[in-house]
Amino acid sequence: MSERTLEEMRVAYEALEARIADACKQSNRPRESVLLVWVSKFHPLEAVENALQLGATDFGENRVQEAVEKFSVKRPGVRCHVIGPVQSNKLRHAATVADCIHSVADVKSVLKLERICGELDKTLDILFQVNTSEEDTKSGVSMAEAEQFLLSLPEAPHLRYRGLMTIGKNTGVAEDSREGFAFLRHLRDKMLARGGVFQDFTELSMGMTGDLEVAIEEGATMIRVGTALFGERVYPPKI
Ligand SMILES: *Cc1c(COP(=O)(O)O)cnc(C)c1O
C-alpha cells in the first residue's frame with residue numbers, strides 16, 4: 001500500500017465526515033460535540049501535512065518516539081494526542097510533546113506526570129484508559145477496578161483529569177463495542193458528578209474506524225480515526 005495523495009485523502013475525509021454527521025443526527029447531537037482525532041501513526045510527515053491542508057487540528061500517535069518526530073515542532077492551533085500506553089521512562093517525552101495523553105492507567109504515572117509537568121510549567125490534559133473489552137492484549141484499568149482507581153487519584157495541579165478512554169472490541173462487529181462504551185459513559189457521569197478533581201471530567205475518547213457510529217451514539221466526545229482517513233498502515237517488519 002502506498003500513501004494516499006491529498007485528493008485521495010480529501011475523498012476519504014468527506015466520506016468519514018458523512019459517517020460522523022449521520023451518527024450525530026441519529027443521536028441528536030451537534031457535530032461540534034465530537035472531536036475528530038486523526039490517528040497518523042505509521043504514516044509519514046507528508047500524510048500529516050496533507051491532513052493539515054484538509055483542516056485537521058488534532059492528531060493521535062500511539063508511540064511517543066513517533067509523536068516526537070512529527071509533532072515536537074509545534075504548529076499553532078494543532079494538538080498532539082498520545083493514545084498508546086507510555087512506559088515510565090518515556091513519560092517526560094510524552095508530557096513534553098502531548099497536549100493530551102489518553103492512556104494513563106496507573107497512579108505511579110500520574111505522580112510522575114505531575115512532577116514533570118511542574119518542571120515544564122505546563123498543564124496537561126489526561127484521560128484514563130479502561131479495558132472494556134477485557135482482552136488481555138489491551139492495556140488499561142479493568143472495569144472492575146476502574147472506579148476505585150479513579151477515587152484513589154491524587155490532586156495534581158499540573159494535570160487536568162479530563163475523562164476516560166477505551167478501545168472497543170475488535171471483533172469486526174461494531175455492536176460488540178456498545179456495552180463497553182456505555183460502561184465508560186456511566187463511569188464518566190458518575191465521576192463528573194463528584195466534582196473536585198473531576199470537575200472537568202467531560203471527555204469520552206472512544207470509537208475508531210470500525211465502530212465510531214456506535215461510539216457517537218453512546219456519547220463519544222473524541223473519536224480516534226486512522227485507517228478511514230490515511231488508509232491501511234504498513235507496519236515495519238519485526239526484527
Ligand atoms: C491505531 C489506533 C486507533 C485508530 O484505529 P483505526 O482502526 O485505524 O481507525 C485508535 N486508537 C488507538 C489507541 C490506536 O492505537
Side-chain angles (χ1 to χ4, degrees), residues 1-4 8-9 11-20 23 34-44 47-48 50-51 54 56-71 79-87 90 94 97-106 109 125-141 162-178 180-181 184 203-216 218 220-236:
M1 284 295 295
S2 55
E3 289 297 323
R4 287 183 175 167
E8 286 167 340
M9 213 186 278
V11 171
Y13 173 48
E14 281 167 7
L16 174 65
E17 275 295 339
R19 286 178 64 187
I20 297 171
V34 182
L35 176 71
L36 173 60
V37 178
W38 298 56
V39 178
S40 46
K41 67 181 185 197
F42 293 102
H43 293 282
V48 170
N50 283 342
L54 298 173
T57 54
D58 290 79
F59 291 88
E61 289 285 344
N62 77 333
R63 298 183 307 171
V64 174
Q65 181 55 35
E66 206 177 333
V68 168
E69 282 163 18
K70 290 181 219 164
F71 298 101
R79 286 172 294 272
C80 174
H81 301 250
V82 167
I83 60 174
V86 184
Q87 289 165 21
K90 300 213 173 99
V97 73
D99 297 281
C100 181
I101 301 180
H102 291 225
S103 42
V104 180
D106 64 283
S109 297
D125 282 354
I126 60 177
L127 307 177
F128 299 99
Q129 183 171 355
V130 179
N131 183 356
T132 57
S133 68
E134 313 257 82
E135 290 162 33
D136 294 341
T137 52
K138 300 233 174 85
S139 37
V141 186
R162 295 307 315 274
L164 299 169
M165 180 273 235
T166 199
I167 300 175
K169 283 212 164 103
N170 195 15
T171 56
V173 181
E175 276 301 324
D176 292 345
S177 297
R178 188 180 295 277
F181 291 165
L184 212 68
E203 304 302 312
L204 286 174
S205 168
M206 55 193 198
M208 321 198 317
T209 293
D211 54 17
L212 64 96
E213 285 89 350
V214 174
I216 290 170
E218 293 300 333
T221 63
M222 300 175 169
I223 56 174
R224 311 177 308 269
V225 181
T227 309
L229 289 163
F230 295 103
E232 297 294 333
R233 291 177 283 274
V234 180
Y235 292 96

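All residue numbers refer to positions in the sequence shown, counting from 1. Just follow the structure's listing: the first ligand is 1, and inside any ligand the first atom is 1. This structure is a prediction, so every number in the text was calculated from the model and none was measured.
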Run the numbers for me: atoms of ligand 1, each under 4.0 Å from some heavy atom of [X], listed by number.
X: V225; result: 9 (O)
X: T227; result: 6 (P), 7 (O), 8 (O), 9 (O)
X: R224; result: 4 (C), 9 (O), 10 (C), 11 (N), 12 (C), 13 (C)

Inset, instruction - Specify side chain, backbone, both or neither for K41, according to which of its non-hydrogen atoms lie closer than 4.0 Å to ligand 1. - result: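 It is the side chain that touches ligand 1; the backbone stays farther off.
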
Legend entry - Within reach of ligand 1, part of T209 (heavy-atom separation under 4.0 Å):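 It is both parts that get close, each with some atom under 4.0 Å.
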
Inset, instruction - Measure from the side-chain N and O atoms of D99 to the backbone N and O of C80, and report whether any donor-acceptor pair falls under 3.5 Å. - result: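 Looks like yes, one N/O pair under 3.5 Å.
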
Inset, instruction - Classify the angle between the aromatic ring planes of W38 and Y13 as parallel (below 30°), tilted (30 to 60°) or perpendicular (above 60°). - result: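 The rings of W38 and Y13 sit tilted, inter-plane angle from 30° to 60°.
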
Inset, instruction - Please examine the side chains of R63 and K41, heavy atoms only from C-beta on, and report whether any two atoms are closer than 4.5 Å. - result: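 Counting from C-beta outward, K41 and R63 never come under 4.5 Å.
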
Legend entry - F181 side chain near V214 side chain, heavy-atom distance below 4.5 Å: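 When only atoms from C-beta onward are counted, V214 and F181 do touch, with a gap below 4.5 Å.
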
Legend entry - Test item, R233 contacting ligand 1 (heavy atom, 4.0 angstrom):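 The answer is yes, since R233 has a heavy atom less than 4.0 Å from ligand 1.
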
Inset, instruction - Take N170 and S133 through the side chain to side chain contact (heavy atoms under 4.5 Å, CB included) test and state the conclusion after the steps. - result: CA-CA 8 Å; N170 195 15; S133 68; over 6 Å; no

Legend entry - Side-chain donor-acceptor pair present, Q129, S103, cut-off under 3.5 Å: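 Checked: Q129/S103 side chains show no N/O donor-acceptor pair below 3.5 Å.
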
Inset, instruction - From the options V82, I126, V86, L127, select the one residue that forms a side-chain contact (heavy atoms from CB on, under 4.5 Å) with V104. - result: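 Option passing the side-chain contact (heavy atoms from CB on, under 4.5 Å) with V104: I126.
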
Inset, instruction - Report yes if some N/O of G226 lies less than 3.5 Å from some N/O of ligand 1; otherwise report no. - result: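 Yes; the residue has a nitrogen or oxygen that sits under 3.5 Å from a nitrogen or oxygen of the ligand.
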
Legend entry - Heavy atom of the protein closest to atom 5 (O) of ligand 1 (residue, atom name, distance):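 The protein heavy atom lying closest is M208 CE, 3.7 Å.
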
Inset, instruction - Looking only at protein heavy atoms, identify the closest one to atom 13 (C) of ligand 1 and say how far it is in Å. - result: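 The closest one turns out to be I83 O, 3.5 Å.
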
